Asks: 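Sharing a structure below in structure tokens format, with a few things to ask.
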Amino acid sequence: MKSYKMALKKVEYKLKLVRTFFISDLRYRMRKHQQEFRRVPDFENPQSLNEKINNRMIFERDPFFTMLADKIAVREYVKKKIGDDYLVPLLGVFERAELIDLSHLPERFVLKCSHDSGSAIICKNKHQFDERAAKKKLNDHLNRNMYYVTREWHYKDIKPYIICEKFIDVFGGEPLHLIPEVYRVHCFSGKAHITEADFTDAMNNEYVNVYDPHWKILPLTMGYNNSPHEIAEPVLYRHMIGLAEKLAEGIAYCRVDFIADASQIYFSEITLTPCNGRIQISPVHWDYFLGELWV
């Protein structure tokens with residue numbers, strides 16, 4: 001059954017690749033936006049945040065964005081901007097999955113591809129790790145160019161590698177529902193304005209709270225409901241905001257993601273086109289308010 005599903009995915013990918021020769025990025029993005037939001041967008045004179053993200057995907061072609069999206073190349077950028085203390089320790093880089101030797105890796109680690117999103121595999125117990133399935137998944141991702149799947153052009157020219165990073169335990173034994181798994185800081189013209197904080201409780205329910213730079217919760221949702229729990233401001237939050245603004249300097253808009261344990265902040269990624277330009281922002285006037293911040 002698994003091999004059948006994998007074969008279908010390969011066929012689907014090839015069809016998406018062929019589709020790029022017949023359906024332009026503009027037409028593709030227009031159709032996707034209308035399906036998601038049930039309204040006709042204006043990508044040539046964009047007003048909302050989602051429209052401006054789509055405008056970037058269709059019309060901008062800055063090699064700097066490709067570097068930021070490359071999970072290997074961006075490490076040098078982060079090192080120069082804020083220092084390598086904020087980088088998750090790198091355990092290895094591999095051209096293909098067969099070169100990964102688990103005997104050389106610690107008990108816990110993370111594997112992912114350098115050129116896409118959605119390929120990450122977390123190992124929390126090496127003795128229970130399905131090495132065969134993991135390597136098959138990684139090789140499948142190595143053979144896919146994300147541009148043809150999502151039309152996010154800045155992924156198109158990234159050379160694919162597998163990277164292995166140290167596993168960071170962000171919870172440290174604390175209750176899951178009170179500790180953010182990841183922080184997503186939205187910056188406009190180098191200034192942080194809102195932060196999405198992701199939570200998962202013991203029942204695997206997912207929540208996202210949206211905060212201002214002073215950890216005041218804002219009256220909007222972004223794809224998920226707010227957490228029903230009151231969350232204390234993390235000790236390192238204000239410092240994280242400063243780091244995000246340094247990394248976002250000179251960029252009209254980006255989202256800077258971090259993870260953090262009790263004593264250390266770690267850079268995760270810089271996202272230029274969050275949710276493929278289809279962020280579920282409610283109420284909708286926040287989509288336009290955030291769009292106004294992107295000059």
Side-chain angles (χ1 to χ4, degrees), residues 68-69 71-72 74-91 106-112 117-118 120-124 163-188 190-202 204-218 221-224 226-249 251 254-272 274-275:
L68 293 178
K71 291 181 176 62
I72 296 175
V74 75
R75 292 176 66 90
E76 189 61 31
Y77 174 79
V78 173
K79 181 179 178 180
K80 289 179 179 178
K81 297 290 282 187
I82 61 174
D84 56 8
D85 288 344
Y86 300 100
L87 290 169
V88 176
L90 194 61
L91 303 178
E107 181 71 14
R108 302 190 293 180
F109 55 85
V110 177
L111 293 165
K112 57 187 174 183
S117 63
I121 299 170
I122 300 173
C123 174
K124 296 183 180 180
I163 60 177
C164 182
E165 293 180 335
K166 178 182 177 181
F167 172 79
I168 306 298
D169 183 3
V170 301
F171 301 112
E174 295 296 320
L176 303 184
H177 63 279
L178 298 179
I179 307 297
E181 292 180 64
V182 63
Y183 302 82
R184 311 180 195 277
V185 186
H186 294 253
C187 296
F188 300 84
K191 183 72 175 174
H193 282 269
I194 64 168
T195 299
E196 297 175 70
D198 294 14
F199 302 88
T200 302
D201 64 19
N204 271 336
N205 296 309
E206 297 180 56
Y207 303 99
V208 174
N209 288 354
V210 184
Y211 297 95
D212 73 4
H214 304 287
W215 200 252
K216 177 185 176 183
I217 195 164
L218 297 171
T221 59
M222 300 183 78
Y224 293 87
N226 290 152
S227 169
H229 307 282
E230 187 167 338
I231 312 296
E233 178 181 336
V235 174
L236 299 172
Y237 180 65
R238 304 295 175 101
H239 182 46
M240 183 185 296
I241 292 297
L243 295 174
E245 292 182 340
K246 287 182 180 179
L247 291 170
E249 284 176 347
I251 304 173
C254 66
R255 196 189 74 196
V256 187
D257 297 358
F258 299 95
I259 57 174
D261 59 23
S263 61
Q264 180 64 40
I265 299 168
Y266 294 97
F267 169 80
S268 177
E269 65 178 320
I270 293 177
T271 301
L272 298 159
C275 298

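Keep in mind it's a predicted model, so treat the numbers as computed, not measured. Only heavy atoms go into these numbers, but all of them, side chains included; no hydrogens, no water, no symmetry mates.
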Asks: Could you tell me whether the side chain of F267 reaches within less than 4.5 Å of the side chain of V88, counting heavy atoms only?
Replies: no
Asks: Could you tell me whether E165 and R75 have a side-chain N and a carboxylate O separated by less than 4.0 Å?
Replies: yes
Asks: Do the side chains of L90 and C164 get nearer than 4.5 Å, heavy atoms only?
Replies: no
Asks: Rounded to the nearest 0.5 Å, what separates atom OG in S268 from atom CZ in R255?
Replies: 8.5 Å
Asks: Atom OG1 in T221, atom OH in Y224: separation rounded to 0.5 Å?
Replies: 12.0 Å
Asks: Between L68 and L272, is a side-chain contact (heavy atoms from CB on, under 4.5 Å) present by the stated rule, with each step listed?
Replies: CA-CA 8 Å; L68 293 178; L272 298 159; 4.2 Å; yes
Asks: Parallel, tilted or perpendicular: which one describes the rings of F188 and H193, with boundaries at 30° and 60°?
Replies: perpendicular
Asks: Just to verify, which of Y183, Y211, Y237 counts as forming a side chain to side chain donor-acceptor pair (under 3.5 Å) with T195?
Replies: Y237
Asks: Mind listing the closest non-hydrogen atom pair of P180 and V170 along with its distance?
Replies: O-CG2, 4.1 Å
Asks: Measure the spacing between CD1 of I179 and CD1 of I231 and express it to the nearest 0.5 Å.
Replies: 8.0 Å
Asks: Taking the six-membered ring for Trp, are the ring centroids of F199 and H177 within less than 6.0 Å of each other?
Replies: no
Asks: Taking side chain as C-beta onward, heavy atoms only, is D257 less than 4.5 Å from I270?
Replies: no
Asks: Are side-chain heavy atoms of E107 and K124 found at a separation under 4.5 Å?
Replies: no
Asks: What's the separation between atom CD in E249 and atom NZ in K81, rounded to the nearest 0.5 Å?
Replies: 4.0 Å
Asks: Side chains of L247 and F258, heavy atoms from C-beta outward: is any pair under 4.5 Å?
Replies: yes
Asks: Looking at CD1 of I82 and CD of E245, how far apart are the two atoms once the value is rounded to the nearest 0.5 Å?
Replies: 12.5 Å
Asks: Between S227 and H229 (side chain of the first, backbone of the second, donor and acceptor by atom type, cut-off under 3.5 Å), is there such a pair?
Replies: yes
Asks: Quick one: does L176's side chain get under 4.5 Å of T200's, heavy atoms only?
Replies: no
Asks: Indicate yes or no for a side-chain donor-acceptor contact from N226 to the backbone of V208 under 3.5 Å, with no hydrogens or angles considered.
Replies: yes
Asks: Between the main-chain N or O of D85 and the side-chain N or O of Y266, is there a donor-acceptor pair closer than 3.5 Å?
Replies: no
Asks: For Y86 versus I265, what's the shortest heavy-atom pair and its separation?
Replies: CD2-O, 3.4 Å
Asks: For the residue pair I72 and I163, establish whether any side-chain heavy-atom pair is separated by less than 4.5 Å.
Replies: yes
Asks: Give the minimum heavy-atom separation between L236 and Q264, together with the two atoms involved.
Replies: CD1-N, 3.6 Å
Asks: Checking the side chain of D201 only, and the main-chain atoms of N204 only, is there a donor and an acceptor separated by less than 3.5 Å?
Replies: yes
Asks: Heavy atoms only: give me the nearest I241-A192 pair and the separation to one decimal.
Replies: CG2-CB, 3.8 Å
Asks: Can R238 and E233 be counted as an ion pair, charged N to O under 4.0 angstrom?
Replies: yes
Asks: Calculate, to the nearest 0.5 Å, the distance between atoms CD1 and SG belonging to I194 and C187 respectively.
Replies: 10.0 Å
Asks: Quick one: does F109's side chain get under 4.5 Å of C123's, heavy atoms only?
Replies: yes
